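Note that the structure is predicted; figures quoted are calculated from it, not measured. Nothing fancy with the numbering, it's 1 onward along the sequence.
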Amino acid sequence: IYIFVFFISTVFESFINVVVSRSLLSMDYIFDRSRCLTCQRQLKFWQMIPVLSYLFLKGKCYYCASPIGISNLLVEITSGICGLICYIKYSNVEMIMYFILLLFLLYISLLDWKTKEVKYSHQLILLIIVLCLNIYQAKIYIIEAIITLIVLLFILLITKGIGGADVNIFAIISLLLGNRVIYVYL
């Protein structure tokens with residue numbers, strides 16, 4: 001079952017990667033078939049299996065041998081591990097909710113990495129997911145979120161090392177995790 005959970009997690013992440021990449025190129029991510037971005041040849045099913053295809057193809061396109069970034073493999077493995085952690089640590093409903101949270105954080109991270117911005121609508125969706133988890137778990141860390149917000153705003157003003165969206169995302173996550181989120185950042 002662990003292999004199945006890992007694999008399903010990587011499939012979800014692979015789709016998220018497609019959504020991010022194609023939305024940035026204004027391409028349809030539902031109905032268009034996957035293709036090599038270099039030679040434009042349509043990929044076969046076996047060339048799109050997360051992790052395994054990368055390893056089997058040695059990180060290159062089957063048709064033109066152009067390299068496929070190792071970041072794809074690393075993100076797929078990370079999502080598989082996150083899926084396993086959710087499966088092992090949480091009950092059914094919590095597992096699904098935390099996995100949705102992790103997938104959405106991954107989506108935001110990929111977009112932020114590629115565009116250097118996080119839309120307010122994505123921050124709002126993140127807030128809704130976190131509040132749903134808080135309601136389900138019957139706990140919320142409002143004071144800790146405010147403290148986190150103040151500390152990170154101070155860091156933002158002094159160092160310019162983080163952006164405003166980073167502050168918002170950490171404050172939202174601290175609603176769920178409390179002040180432990182500051183330790184993650186520091």
Side-chain angles (χ1 to χ4, degrees), residues 1-38 40 42-57 59-62 66-90 92-133 136 163 165-166 168-170 172-173 175-177 181 184:
I1 187 84
Y2 294 124
I3 293 171
F4 177 75
V5 170
F6 181 88
F7 177 72
I8 292 299
S9 301
T10 63
V11 168
F12 278 111
E13 185 287 322
S14 185
F15 179 71
I16 287 173
N17 204 13
V18 167
V19 170
V20 169
S21 299
R22 290 188 187 178
S23 63
L24 293 175
L25 298 171
S26 300
M27 296 171 61
D28 183 15
Y29 48 84
I30 300 292
F31 298 108
D32 279 351
R33 292 286 312 268
S34 292
R35 58 186 69 245
C36 172
L37 295 175
T38 304
Q40 297 299 313
Q42 197 172 44
L43 301 177
K44 294 184 173 27
F45 174 77
W46 64 271
Q47 297 165 334
M48 298 181 290
I49 300 171
V51 179
L52 296 178
S53 292
Y54 187 93
L55 297 173
F56 178 72
L57 296 169
K60 296 180 182 176
C61 171
Y62 178 77
S66 67
I68 300 167
I70 194 163
S71 61
N72 292 341
L73 175 66
L74 296 176
V75 172
E76 288 173 355
I77 291 172
T78 301
S79 71
I81 292 169
C82 288
L84 279 174
I85 291 169
C86 289
Y87 177 76
I88 292 167
K89 185 166 171 62
Y90 300 107
N92 290 338
V93 174
E94 266 185 311
M95 174 190 68
I96 292 168
M97 293 174 82
Y98 271 105
F99 189 63
I100 289 170
L101 173 66
L102 290 172
L103 284 177
F104 196 71
L105 283 170
L106 182 62
Y107 171 75
I108 289 174
S109 299
L110 289 172
L111 274 175
D112 187 25
W113 180 41
K114 293 182 179 191
T115 66
K116 304 295 185 243
E117 74 172 309
V118 177
K119 296 179 180 178
Y120 285 113
S121 59
H122 293 143
Q123 295 172 46
L124 181 61
I125 293 169
L126 179 63
L127 177 62
I128 291 167
I129 294 169
V130 166
L131 289 176
C132 287
L133 265 163
Y136 180 79
D166 297 325
N168 294 343
I169 289 170
F170 274 101
I172 292 168
I173 296 300
L175 286 170
L176 184 65
L177 300 177
V181 101
V184 170

Reported [atom1]-to-[atom2] distance for the pair [X] and [Y], which is rounded to 0.5 angstrom:
X: S79; Y: L105; atom1: OG; atom2: CG; result: 13.0 Å
X: L111; Y: L106; atom1: CG; atom2: CG; result: 10.0 Å
X: M95; Y: I100; atom1: CE; atom2: CD1; result: 10.0 Å
X: S53; Y: K44; atom1: OG; atom2: NZ; result: 13.0 Å
X: I169; Y: I108; atom1: CD1; atom2: CD1; result: 5.0 Å
X: I8; Y: T10; atom1: CD1; atom2: OG1; result: 7.5 Å

Kindly give the heavy-atom pair with the smallest separation between [X] and [Y], and that separation in Å.
X: G80; Y: S9; result: CA-CB, 3.7 Å
X: V130; Y: L176; result: CG1-CB, 3.8 Å
X: I77; Y: F6; result: O-CE1, 3.8 Å

Would you indicate whether [X], at its atom [atom1], is surrounded by more than 12 heavy atoms from other residues, nucleotides or ligands within a distance under 6.0 Å?
X: I3; atom1: CD1; answer: no
X: F104; atom1: CZ; answer: yes
X: W113; atom1: CH2; answer: no
X: D28; atom1: CG; answer: yes
X: F12; atom1: CZ; answer: no
X: K89; atom1: NZ; answer: no
X: K119; atom1: NZ; answer: no

Task: side-chain contact (heavy atoms from CB on, under 4.5 Å) between Y54 and I70, intermediate numbers included - done: CA-CA 9 Å; Y54 187 93; I70 194 163; 3.6 Å; yes
Could you check whether any side-chain heavy atom of [X] comes within less than 4.5 Å of a side-chain heavy atom of [Y], counting everything from C-beta outward?
X: I129; Y: Y98; value: no
X: L101; Y: L126; value: yes
X: R22; Y: S34; value: yes
X: N17; Y: V75; value: no
X: C86; Y: L102; value: yes
X: Y62; Y: F56; value: no
X: L43; Y: R33; value: no
X: L110; Y: V19; value: no

TODO: Tell me, with the steps shown, if M97 and Y90 meet side-chain contact (heavy atoms from CB on, under 4.5 Å).
DONE: CA-CA 9 Å; M97 293 174 82; Y90 300 107; over 6 Å; no
Can you tell me if [X] uses its side chain to pair, donor with acceptor, with the backbone of [Y] under 3.5 Å?
X: E76; Y: V51; answer: yes
X: R35; Y: Q40; answer: yes
X: S21; Y: V18; answer: no

- [ ] Would you please classify the geometry between the Y29 ring and the F15 ring as parallel, tilted or perpendicular, with 30° and 60° separating the classes?
- [x]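 Ring orientation of F15 relative to Y29: perpendicular.
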Task: Intermediate values then yes/no, side-chain contact (heavy atoms from CB on, under 4.5 Å), K60 and I68 - done: CA-CA 5 Å; K60 296 180 182 176; I68 300 167; 5.7 Å; no
- [ ] For S66 and C36, run side-chain contact (heavy atoms from CB on, under 4.5 Å): C-alpha distance rounded to whole Å, both residues' side-chain angles, the deciding distance at 0.1 Å, then the answer.
- [x] CA-CA 9 Å; S66 67; C36 172; 3.8 Å; yes
